[in-house]
Amino acid sequence: MAGAGGGGNDVQWCFSQVKGAIDDDVAEADIISTVEFNHSGELLATGDKGGRVVIFQQETENKSQSQFRSEYNVYSTFQSHEPEFDYLKSLEIEEKINKIRWLPQKNAAQFLLSTNDKTIKLWKISERDKRPEGYNLKEEDGRYRDAATITTLRVPVFRPMDLMVEASPRRVFANAHTYHINSISVNSDNETYLSADDLRINLWHLEITDRSFNIVDIKPANMEELTEVITAAEFHPHQCNTFVYSSSKGTIRLCDMRASALCDKHSKLFEEPEDPSNRSFFSEIISSISDVKFSHNGRYMMTRDYLSVKIWDLNMENRPVETYQVHEYLRSKLCSLYENDCIFDKFECCWNGNDSVVMTGSYNNFFRMLDRSQRRDVTLEASRESCKPRQVLKPRRVCAGGKRKKDEISVDSLDFNKKILHTAWHPQENIIAVATTNNLYIFQEKVN
Amino acid sequence: MDVEAKRIMALSISKLYSLRTQRGGLRLHRSLLLSMTMRAARDIYHTAQLLRDAEEEQVVPCAPDAATEEPMEITKDSPQTLTPKEVAMKPQEPIDAVEDDKENRCASERHSRKRHCKTAIEPDFLPLKKAKMDTDEEKQHLPGEVLRTNNGNSYRQAESLTAFPANRAIVAY
């Protein structure tokens, strides 16, 4: 199986699987709100608005065959968060899973962090395929044996059973956030993690739930002076002292925890001056960064704002090294997108395993593959019409204006209710998971 | 341009209102973005209004105040601090076609004095229970070339807004 060495445009993407209900009537609880591969790529987790987590596992059989088509099947499903009510503030706390982050595997069990707006939970997912049999005092069904009938002593033994996957909450990290949690990120030290809300970032130890350290606080003394909020935060993949956070003003701050306990002063500030010719009522909104992700090699980071993806070199603060337009044809539609609230959509972005291609979603169930090495990009669609096994995805084109060519779709025909906000790329292989509203599509590289 | 500004302002306010009833509590990020957009639109709208009034010299009861008025201060965004008391109502067209009429304009100017007391008054940009009628709206429009600019890639008029050209010559009506 080829590694993730191919560029986005050498790779032909094929449909592999789709998960979720087929009917168009989408239950709100089924709306997928986060997608994440684990560190080996064997497991794929999704979270939804109903507070549930579904984990898929890749089949490991037939891996040696050249026609290897690894399928992901449901491994575990559990209710991670329930709706809560904050009586003090008379507020309902949504159970929607905002983020899932896997911990690197240390033993047979898998661990992940899942968070809603206020509470983070550490879940242990473990397999059980044996059970003890042959107790002295109890029958197999649990009834107690009559003591008079016990004449011999036996040692219980483990016998195989059908595989059972259990998910249990091991830690609950609660009551540390006044505002809504938008990010969690596990540190490379495997002991700590951060959680970020609109105004603060807290540092936790995975073993300690009753206390966390506040490391960033941008709340102004007078809330009327508030001009920006934190939109995303992430730890550096290798340097356990470094993390970044993005803001609603389009800036990214890199902080070094060795510098001081409170990282309000950034070590680096990444900001690109605004193009004055693009100024509009909506400039503020579209410059707000919705996602920030470090590259796997730790040298770059990628940010997503409403219309573009930017790649930043950590050593250069004054401008990104690469900028890709995701759907520039929407720039003239900003007013309508403001009316229907689409302008507030928070798109995520992700890197492939060797950092040569980045991917992000768009509307009409389109998603974009941006090849950094070949400076090419392609638009693909996740749709039920391209669902035949191993069907190759055809590139899509949007006609911004003027004469529409054959096979192009015009901007006005785009369905803005069909948005791809969450995507994930397998850490080693060319396998991607793309979430539409309530379906999860898995695409793989075409293998000849 | 001020037509667009007023529309966006009204839209922003109604969105801010609906945020309060949304499940999950007030979303700080969204409220911030909405209020910034609303303020930008409001500033454009009010400045355009002031300029227009200064030029047109129409006799209205509070006109003298309009000419000497200072620009609106940017205050905390909350519905209570906004905008005028409703004056005598006339039938009004749907919210996205709301235009000025003399009485509303006068009320807007009057409100700037009221704002200092931060009276809780109902904004006139929300879908009103009482209807108002558009009058004289054509006369109030500034010529398009003054404020309406686009950089050529917008097929929608008045979509993009450059910095408000307060010092441009305004054609006297």
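Since this is a predicted model, take the numbers as computed values, not measurements. Order of the sequence lines fixes the chain letters, A, B, ..., with proteins taken first and strands second; residue numbering starts at 1 for each chain.
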- Heavy-atom distance under 4.5 Å between the side chains of A:Lys219 and B:Leu28, does that happen here? no

- Task: Check whether any side-chain N or O of A:Lys89 sits under 3.5 Å from a backbone N or O of B:Gly25 as a donor-acceptor pair, and report yes or no.
- Result: no

- Query: A:Asn222, A:Leu226, A:Asn116: which one forms the most heavy-atom pairs within less than 4.5 Å of chain B?
  - Reply: A:Leu226

- Are A:Asp198 and B:Arg30 close enough, and set up right, to give a salt bridge (charged side-chain N to carboxylate O under 4.0 Å, His left out), and what steps lead you there? CA-CA 10 Å; A:Asp198 293 314; B:Arg30 175 90 52 118; over 6 Å; no

- Item | Region of A:Leu199 in contact with chain B, defined by heavy-atom distances below 4.5 Å | side chain

- Can you sort out the partners of A:Tyr329 under side chain to side chain donor-acceptor pair (under 3.5 Å), two or more places apart, ordered by chain and number? none

- Note on the structure: From the list A:Ser290, A:Ser288, A:Ser248, side chain to side chain donor-acceptor pair (under 3.5 Å) partner of B:His29 resolves to A:Ser288

- Message: Does any backbone or side-chain atom of A:Glu225 lie under 4.5 Å from a heavy atom of chain B? Answer side chain, backbone, both or neither.
- Response: neither

- Message: Can you confirm if the NZ or CZ of B:Lys15 lies within 45° of the ring axis of A:Tyr338 and under 6.0 Å from the centre of its six-membered ring?
- Response: yes

- chain B: which of A:Leu91, A:Val229, A:Asp197 shares the most heavy-atom pairs with it under 4.5 Å? A:Val229

- Message: Which residues pass the side chain to side chain contact (heavy atoms under 4.5 Å, CB included) test with A:Thr115, not counting sequence neighbours?
- Response: A:Asn98, A:Lys99, A:Ile120, A:Ile181, A:Ile184

- Message: Other residues, nucleotides and ligands only: do more than 12 of their heavy atoms fall within 6.0 Å of OH on A:Tyr87?
- Response: no

- Message: For A:Asn175, is the CG atom crowded, meaning more than 12 foreign heavy atoms sit under 6.0 Å from it?
- Response: no

- Would a distance-only check, ignoring hydrogens and angles, find a side-chain to backbone donor-acceptor pair under 3.5 Å from A:His180 to B:Gly24? yes

- Note on the structure: Applying a strict 4.5 Å limit to non-hydrogen atoms, the region of A:Ser283 in contact with chain B is neither

- If you round to the nearest 0.5 Å, how far is CE of B:Met9 from CZ of A:Phe281? 9.0 Å

- What residue in A:Asn182, A:Asp341, A:Ile230 has the most heavy-atom pairs under 4.5 Å with chain B? A:Asp341

- Can you check salt bridge (charged side-chain N to carboxylate O under 4.0 Å, His left out) on B:Arg39 and A:Glu224, steps first, answer last? CA-CA 13 Å; B:Arg39 278 184 223 164; A:Glu224 293 189 13; over 6 Å; no

- Query: Knowing that exactly one of A:Glu28, A:Glu95, A:Glu84 qualifies, which makes a salt bridge (charged side-chain N to carboxylate O under 4.0 Å, His left out) with B:Arg23?
  - Reply: A:Glu95

